[in-house]
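Proteins come first, then strands; the chains are lettered A, B, ... in the order of their sequence lines, and each starts at number 1. Here the structure is a predicted model, which is why all the values come from computation and not from measurement.
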There are 2 protein chains.
Amino acid sequence: MGRRSDHTRGELEVLFVTEGRRLLAEVGVTRFSAREVAKKVGYSIGTLYNVFGSLDGLMLAMNARTLTLWAEHLRARLEEAGKGDRLAALVRGYFEFAADHPKAWVAIFENQMVDAGPAPEWYQTHVADIMGIVVEEVARVLPAASPPAVLSLTRSLVATVHGHCIFTLYRAFDMLGETAPIYVAMERVREAVAAAGRSVQQGPLTPLTK
Amino acid sequence: MGRRSDHTRGELEVLFVTEGRRLLAEVGVTRFSAREVAKKVGYSIGTLYNVFGSLDGLMLAMNARTLTLWAEHLRARLEEAGKGDRLAALVRGYFEFAADHPKAWVAIFENQMVDAGPAPEWYQTHVADIMGIVVEEVARVLPAASPPAVLSLTRSLVATVHGHCIFTLYRAFDMLGETAPIYVAMERVREAVAAAGRSVQQGPLTPLTK
DNA sequence: CCTTAAATTGAACAGTGCTCAAAATACTTA
DNA sequence: TAAGTATTTTGAGCACTGTTCAATTTAAGG
């Protein structure tokens, strides 16, 4: 059927994503170039567009790979933590991965445009996988909490950690003094979990959803 | 001296920034075009580059204007709050402004690149102004806290609210259920302030900086 | 009016994402 | 093996981008 003998379609995808992520890590999302990726892989731009449809398509595939690596990192940190403070391990894993792959990490979020439609289902699967890791640990810490409450709290905890993480990476508001952001984020998480624990055992004074 | 009689340099800056922000609000940061701005204002690209030096220069000027409007919005909300819950007013103001000017708001943060140097001082002034608003209110709620503790807590509170705000705007993790993000963010802020209040009155059990 | 200095211009350059007729390749059938 | 068919692969071409800078236009001074 005319495919070049040396690579199947699936191998091609991997090639483009791998080399694309290498370039992304070098130059960042703004100076990223599909042409450059194609050149490094040794195929033409046309082939890249046949495989991914658009730059956004390639970006999505690369971000999915990043999400997979991120999930692996989190699971590894959890394994290390064992029966210790597993939530702290997750927070540390969040920060560590962002610090180790800053350009790839911000690409995940910067690509999410404000008015872009929802991501395709296969991509949302990757997101759900990572969130599932956190949900599981939050549920473990709050065994008496209802599943919706666990989901809501998880979302809030991730948002909290994300805010601290992104401010650290962007060096925003450094004028407010050099604090240990991981430690501070963990404090916020502990407080939120403690508050949720109280409202679970004595009935919610203030409901989590308004 | 050869300036076109109808506009001084300062007026030109305002013209470009105003029209630029209009375009930004329409098309967002990714499809923004300096040429388009110049065309709408009625000057050539060359003039735009004489005034701002680069696209980043124009972007910075536009973001500075956004920060000013944001600060005005926050102060207005504070005035409304009077002696009520002023921190809640700030959280509401944070979310409201982001929701009302989504494209301009994300531009403030997306433009902050990972490896870009620090912003020029005149720009940092605008950032410091907004942070000053929050610092003042945090200090008001925790009169016994030391200034460094107030700064550190402020940074953490803003990061927390920012995380919830950006997740809402990006519709990230919507699969975890539809919660009221403003309310949840306010819960996190209340918990953090309460915890800080406790550690102030009975001496910090765990120091804020590690 | 002529000189001088500043402001304004826009063609030109190197790059981008993206398309799609044509070429190259492989598989199938005779 | 040769011809025919189906599928990849290609890359010039299009419309755009940010950026530069010699040339032009404009205004002020003498």
query = For the pair made of NE2 in H7(A) and P in dA26(C), what is the distance, rounded to whole Å?
reply = 13 Å
message = Quick test of your reading: applying salt bridge (Lys or Arg N to Asp or Glu O under 4.0 Å), list the pairs with at least one residue in residues 73-82 of chain B, sequence neighbours left out, ordered by first then second residue.
response = R75(B)-D129(B), R77(B)-E80(B), R77(B)-E96(B)
Those residues that, when tested against R140(A), pass salt bridge (charged side-chain N to carboxylate O under 4.0 Å, His left out) (two or more places apart) = E137(A)
message = Rounded to whole Å, please give me the gap between CZ in R9(A) and P in dA26(C).
response = 16 Å
query = To the nearest angstrom, how far is F52(B) atom CZ from dT20(D) atom P?
reply = 16 Å
query = Can you name the salt bridge (charged side-chain N to carboxylate O under 4.0 Å, His left out) partners of D85(A), sequence neighbours left out?
reply = R190(A)
inquiry  = Does either side chain, that of T66(B) or that of H101(B), offer a donor lying less than 3.5 Å from an acceptor on the other one?
reply    = no
task = Name all pairs fulfilling the side-chain hydrogen bond (donor to acceptor under 3.5 Å, both in side chains) condition that reach into residues 158-167 of chain B, sequence neighbours left out, sorted by first residue then second.
result = S156(A)-H164(B), Y94(B)-H162(B)
note = Each nucleotide of nucleotides 10-21 of chain C classed B (base within 4.0 Å of a protein heavy atom), S (only sugar-phosphate) or -, in 5' to 3' order, makes B-B---BBBB--
query = How would you label the contact of L48(A) with the nucleic acid (heavy atoms, under 4.0 Å): base, sugar-phosphate, or nothing?
reply = nothing
query = In whole angstroms, how far is the C1' atom of dT8(C) from the CG atom of L15(B)?
reply = 15 Å
note = Atom OH of Y43(A) and atom C1' of dG11(D) are separated, to the nearest Å, by 16 Å
task = Under the ring-ring contact (aromatic ring centres under 6.0 Å, His included) rule, collect the residues that match up with Y170(A), sequence neighbours excluded.
result = none
query = Does any pair with a residue in residues 117-128 of chain B pass salt bridge (Lys or Arg N to Asp or Glu O under 4.0 Å), and if so which ones, sequence neighbours excluded?
reply = none
message = Contact list please: residues 16-30 of chain B against DNA chain D, heavy atoms, distance less than 4.0 Å, in numerical order.
response = none
Set of residues satisfying side-chain hydrogen bond (donor to acceptor under 3.5 Å, both in side chains) with respect to R22(B), sequence neighbours excluded = E19(B)
task = Using a heavy-atom cut-off of under 4.0 Å over every strand shown, decide if L12(A) touches base, sugar-phosphate, or nothing.
result = sugar-phosphate
ask   = What's the NZ-P distance between K39(A) and dA12(D), to the nearest Å?
value = 13 Å
remark   = On a heavy-atom basis, the closest approach of K103(A) and V27(A) is CD-C, 4.4 Å
